[in-house]
Amino acid sequence: MKELTYIEDFLIQQFQDDLINWFEKEQRDLPWRADQDPYKVWVSEIMLQQTRVDTVIPYFNNFIAQFPSIEALAHADEEKVLKAWEGLGYYSRVRNLQSAVKEVHESYGGIVPNTPSEISKLKGIGPYTTGSILSIAYGIPEPAVDGNVMRVLSRILSIWDDIAKPKTRKVFEVIIREIISKENPSFFNQGLMELGAIVCTPTSPSCLLCPVREHCKSYMEGTQAELPVKTKKNSTKEVPIVVGVLVTNDNKILIHKRPDSGLLARLWEFPNVEVLTDVKTPKVVLQEFIKDSYHTTAHIEELLGAFQHVFSHLTWNMTVYEGRIENEITENERVKLVSIEELSQYAFSVSHQKIWKQFQEKMGSQLLS
DNA sequence: AAGACGTGGGC
DNA sequence: TGCCCAAGTCT
């Protein structure tokens, strides 16, 4: 295997010892490190996907307090689960997590499986999460190759493959299988990630503080700032959206649940529609949308504001109006009229939370509950 | 393989 | 301000 030419003169045993000793001494005190409960390891690994540690900590504590076990999450109301994830992003993660937890509860007697083939069949568990759960919760020497690991190893071994390419992950998995500690795969994998998080950072790595500096080829060559090679993605598309915060005569707010798949699936939001024309004004587009969707006439009062919301792959250019509607809307699974207090029980995306905040600031005391 | 899928922080 | 990033997975 040509990948292994990277480690022909690599001191594996000494590298493992240096890395693991450093991790034992310097690891951060994080809530998911209190024990190795496979369920908690699992929840933390899902939350940490593409998400910063500091962001995850309060979500993790709250989530485990509400859903402390496989059984608790398996039986939980999806609405409450989504609410516990509100603001974390990538919401399909939590729907897949609950779905997989139900599968473990029903098909594995509530025990997280400990083989790569079984665990990787669960929804939301890909190659990285398979390796992280198996190594951290069960001490099984499987590679857990994430962005940190690719960055750290590309520097240590001077690997110039583009880490943005899907196939590059496999190169690192082959190498990890050769160099992973069979005695302590948990600390080996976590050590590599921790090193990437606090020492071998994307920009300006702290090489002088690095416990494995003497093993690092790019440090020897002075190329650590050029690695890893990572091609960048395309810029995002802009989508104009018009939104209405609509209040009934008895001060209820109209909210709408998003579809079961796609962007922000199953989250709640204020009525909105993409503005596909530049002939009609956003206000007119909104009025027609409300008439078609809810069979009621809205009296759009004034502009609440206009702002941008940037996602990873697109940007919403939002125009937000406030308005009044007659109290004759038929509620159903996806359309509800809620009081101000009730509204806080529903999970909203951040963009619509911002809208609600603006609305409350503007309306202030006018809306008494 | 490449694009969908969120958000907040750092420079 | 704008761009890149942060413990990926699914289609």
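A, B, ... follow the sequence lines: proteins, then strands. Residue 1 opens every chain.
Within the 4.0 angstrom heavy-atom criterion, no nucleotide atom of any strand lies near A:Arg169. Within 4.0 Å (heavy atoms only), A:Ser44 reaches no atom of the nucleic acid at all. No contact: A:Arg266 has no heavy atom under 4.0 Å from any strand. Using a 4.0 Å heavy-atom cutoff across all strands shown, A:Arg258 reaches no nucleic acid atom at all. Counting non-hydrogen atoms under 4.0 angstrom, A:Val53 reaches a base of the nucleic acid. The residue A:Trp32 sits close to a base: some heavy atom pair falls under 4.0 Å.
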Trace of the salt bridge (charged side-chain N to carboxylate O under 4.0 Å, His left out) decision for A:Glu194 with A:Arg33:
CA-CA 12 Å; A:Glu194 192 82 345; A:Arg33 288 179 175 164; 2.9 Å; yes

Criterion ring pair (Phe, Tyr, Trp, His ring centres under 6.0 Å) on A:Phe10 and A:Tyr6, from CA distance to verdict
CA-CA 8 Å; A:Phe10 187 68; A:Tyr6 286 118; over 10 Å; no

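Counting heavy atoms from C-beta on, the side chains of A:Thr330 and A:Val335 never come closer than 4.5 Å. Side-chain atoms of A:Gln50 and A:Tyr90, non-hydrogen and from C-beta on, do get closer than 4.5 Å to each other. Within the 4.5 Å cutoff, the side chain of A:Val247 has heavy atoms near those of the A:Phe359 side chain.
Both A:Lys123 and A:Gln190 lie near DNA chain C, and the one whose nearest nucleotide falls closer to the 5' end is A:Gln190.
Counting only heavy atoms from C-beta on, A:Pro127 has its side chain closest to C:dT9 among C:dA6, B:dA2, C:dT9.
Between A:Leu192 atom CG and C:dA6 atom P the separation is 15 Å, expressed in whole Å. For the pair A:Ile46 CD1 and C:dT9 C1', the computed distance is 9 Å after rounding to whole Å. In this structure, A:Arg151 atom CZ and C:dC4 atom C1' are separated by 12 Å, rounded to whole Å. Going from atom CG of A:Asp54 over to atom C1' of C:dC5 covers 14 Å, rounded to whole Å. If you take CZ of A:Arg95 and P of C:dG8, they are 19 Å apart, rounded to a whole angstrom. Here the C1' atom of nucleotide C:dG8 and the CD1 atom of A:Ile133 are 13 Å apart, to the nearest Å.
B:dG3 and C:dC4 have their P atoms separated by 15 Å, given to the nearest Å. Across C:dT11 and B:dG6, the matching P atoms stand 14 Å from one another, rounded to whole Å. B:dC5 and C:dA6 have their C1' atoms separated by 15 Å, with the value rounded to a whole Å.
Heavy-atom contacts from other residues, nucleotides or ligands closer than 6.0 Å to CD of A:Glu214 number 12 or fewer.
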Output one letter per nucleotide in nucleotides 4-11 of chain B: B when a protein non-hydrogen atom lies under 4.0 Å from the base, S when only the sugar-phosphate is that close, - when neither is.
SBBBB---

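In this structure, A:Trp85 has its ring center no closer than 6.0 Å to that of A:Tyr59.
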